[in-house]
Amino acid sequence: DRAQRPRRIPPEGDAVIRLLIADDQALVRGALSALLGLEPDIEVVAEVGRGDEVVDAAVRSAADVALLDIEMPGMDGIAAASALRSALHG
């Protein structure tokens, strides 16, 4: 069982991936956060339930990676990815 395995710590100097999860279904978002949070080299730094919250959350949390649902209220995941790229990389 994955949950009972001892947590591995990344070797000193290895980077931890800072992850933002965006999904309008709280159950899915929470499950992804819990499962990915078990990985020693992943830190879930933000969770949002609407596409129009992605850019602000990514900037505030300094996320390295955004895992985006395609269909969300406010803005779909494709548009949120485009807005995020524009906001961070001009």
Side-chain angles (χ1 to χ4, degrees):
D1 178 72
R2 183 183 171 102
Q4 294 177 350
R5 284 192 288 169
R7 185 174 175 127
R8 296 183 315 258
I9 305 299
E12 191 168 323
D14 281 1
V16 172
I17 299 166
R18 297 173 54 81
L19 178 67
L20 174 146
I21 298 174
D23 195 301
D24 60 320
Q25 295 182 32
L27 186 62
V28 171
R29 191 172 62 244
L32 285 169
S33 179
L35 288 172
L36 292 170
L38 293 173
E39 296 298 325
D41 55 350
I42 296 175
E43 178 185 4
V44 178
V45 294
E47 297 178 39
V48 297
R50 296 177 52 90
D52 54 5
E53 298 172 334
V54 168
V55 172
D56 185 51
V59 170
R60 280 187 289 109
S61 66
D64 298 316
V65 174
L67 177 60
L68 307 175
D69 184 15
I70 297 298
E71 294 183 23
M72 292 184 286
M75 181 184 294
D76 68 47
I78 303 296
S82 179
L84 185 56
R85 182 170 189 260
S86 294
L88 297 179
H89 301 291

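Just so you know, residue 1 is the first one in the sequence shown, and it goes up from there. What's counted below: heavy atoms across the whole structure, side chains too, no hydrogens, waters or symmetry copies.
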Say you draw a straight line from [atom1] of [X] to [atom2] of [Y]; how long is it, rounded to the nearest 0.5 Å?
{"X": "D23", "Y": "E47", "atom1": "CG", "atom2": "CD", "answer": "10.0 Å"}
{"X": "I78", "Y": "L68", "atom1": "CD1", "atom2": "CG", "answer": "8.5 Å"}
{"X": "R50", "Y": "D76", "atom1": "CZ", "atom2": "CG", "answer": "12.5 Å"}
{"X": "L84", "Y": "D56", "atom1": "CG", "atom2": "CG", "answer": "11.0 Å"}

Could you report the tightest heavy-atom contact between [X] and [Y], atom names first, then the distance?
{"X": "L20", "Y": "A58", "value": "CD1-N, 3.5 Å"}
{"X": "G51", "Y": "A80", "value": "O-CB, 3.8 Å"}
{"X": "A83", "Y": "M75", "value": "CB-SD, 4.3 Å"}
{"X": "G74", "Y": "D52", "value": "CA-OD2, 3.6 Å"}
{"X": "V16", "Y": "P40", "value": "CG2-O, 4.2 Å"}

Test of understanding: clusters of I, L, V, M, F, W, Y form through side-chain heavy atoms closer than 4.5 Å, transitively. Do [X] and [Y] belong to the same one?
{"X": "L88", "Y": "V54", "result": "yes"}
{"X": "I70", "Y": "L32", "result": "no"}
{"X": "V48", "Y": "V28", "result": "no"}
{"X": "I21", "Y": "M72", "result": "no"}
{"X": "I42", "Y": "V65", "result": "yes"}

Backbone N/O of S82 and side chain of S86: donor-acceptor pair under 3.5 Å =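 Looks like yes, one N/O pair under 3.5 Å.
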
query = Is the backbone N or O of R18 less than 3.5 Å from a side-chain atom of D64, with the two atoms forming a donor-acceptor pair by type?
reply =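 Present.
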
